[in-house]
Amino acid sequence: MTKDKALEDVFLSHRPVFDDRDEFMHRLEQKLDAVEYVRRYEEARLRRYRWALALALALALASGGTLFVFMLGTPLEVSLGLADGLLAAVLHNSRLLAAIALMLFLAYAVVTIAGNILDIWSERSRLREECGENG
């Protein structure tokens, strides 16, 4: 409590003096220009990140779809002479199991990328709100 009172006394006792108005305005404009530069840099960074995520999503969908079609179109001519059991069941259903695993991976990738895009949009709207309040 005494620290709060001491800080309050320091702030109340401080009387800034602005002798040279032109110099003060020049420094203020420099600081505002620096803030504007940082804001533009952050917007550009978010824009590049969003494009990179969109490209990654498109490539993931294209490569996953191509691999899925290739796997289902490839004939299963592999015969290892296995007896009945788990390995034989996996062998006979390997294309289906691989397709399911691929679809699960693609679903995870799409959900992750969509989550990242939503994070970017929320960060961008937060930055806009901050700039709107301060600007």
Side-chain angles (χ1 to χ4, degrees):
M1 187 70 176
T2 59
K3 286 185 179 183
D4 291 338
K5 183 66 176 163
L7 281 175
E8 183 179 344
D9 291 340
V10 167
F11 284 119
L12 289 175
S13 65
H14 181 67
R15 302 283 184 239
V17 177
F18 302 110
D19 293 336
D20 189 6
R21 182 166 174 78
D22 292 332
E23 183 181 331
F24 171 74
M25 288 303 290
H26 179 68
R27 280 187 280 143
L28 180 63
E29 286 176 0
Q30 283 181 337
K31 289 178 183 178
L32 290 175
D33 288 342
V35 168
E36 182 66 20
Y37 174 77
V38 169
R39 185 186 65 80
R40 285 184 183 168
Y41 176 79
E42 284 298 313
E43 283 181 354
R45 184 182 62 86
L46 287 174
R47 190 171 36 255
R48 285 190 306 266
Y49 187 50
R50 183 180 57 208
W51 278 108
L53 284 176
L55 180 64
L57 174 64
L59 288 175
L61 291 176
S63 64
T66 303
L67 186 61
F68 183 70
V69 168
F70 175 75
M71 286 174 52
L72 291 180
T74 304
L76 184 62
E77 297 174 353
V78 178
S79 170
L80 298 178
L82 297 174
D84 291 335
L86 179 64
L87 289 178
V90 169
L91 176 64
H92 292 296
N93 297 314
S94 63
R95 289 176 30 192
L96 179 63
L97 293 174
I100 290 171
L102 178 64
M103 286 291 117
L104 288 174
F105 175 73
L106 285 177
Y108 172 75
V110 167
V111 168
T112 302
I113 291 172
N116 288 338
I117 290 172
L118 290 176
D119 288 344
I120 289 170
W121 282 345
S122 65
E123 180 72 18
R124 185 176 182 184
S125 64
R126 184 188 65 82
L127 284 174
R128 282 186 179 170
E129 288 175 5
E130 286 179 2
C131 291
E133 292 172 0
N134 295 333

Show me the donor-acceptor pairs, under 3.5 Å and distance only, between side chains in residues 47-72 and residues at least two apart or in other chains.
| from | atom 1 | to | atom 2 | distance (Å) |
| --- | --- | --- | --- | --- |
| Ser63 | OG | Leu59 | O | 2.8 |
| Ser63 | OG | Ala60 | O | 3.3 |
| Thr66 | OG1 | Ala62 | O | 2.7 |

Restricting to salt bridge (charged side-chain N to carboxylate O under 4.0 Å, His left out), what partner residues turn up for Glu36, sequence neighbours left out? Arg39, Arg40

Quick one: name the residues clustered hydrophobically with Leu104, using the 4.5 Å side-chain heavy-atom rule over I, L, V, M, F, W, Y, and just say none if it's on its own.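 Besides Leu104, the hydrophobic cluster comprises Leu96, Ile100, listed by chain and residue number.
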
Besides Tyr41, the hydrophobic cluster formed by Ile, Leu, Val, Met, Phe, Trp and Tyr side chains linked at under 4.5 Å, directly or via other members, contains none

Met25-Val35 co-clustered via ILVMFWY side chain contacts under 4.5 Å: no

Which pairs, with at least one residue in residues 113-126 and sequence neighbours excluded, count as a side-chain hydrogen bond (donor to acceptor under 3.5 Å, both in side chains)? Glu123-Arg126, Arg126-Glu130

To the nearest 0.5 Å, what is the distance between CD1 on Ile113 and CG on Leu118?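 Spacing of CD1 (Ile113) from CG (Leu118) equals 12.0 Å.
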
Taking atom CG of Leu102 and atom CZ of Arg95, what is their separation to the nearest 0.5 Å? 13.5 Å

Test of understanding: with side-chain hydrogen bond (donor to acceptor under 3.5 Å, both in side chains), list the residues that count as partners of Glu29, not counting sequence neighbours.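 Here no residue qualifies.
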
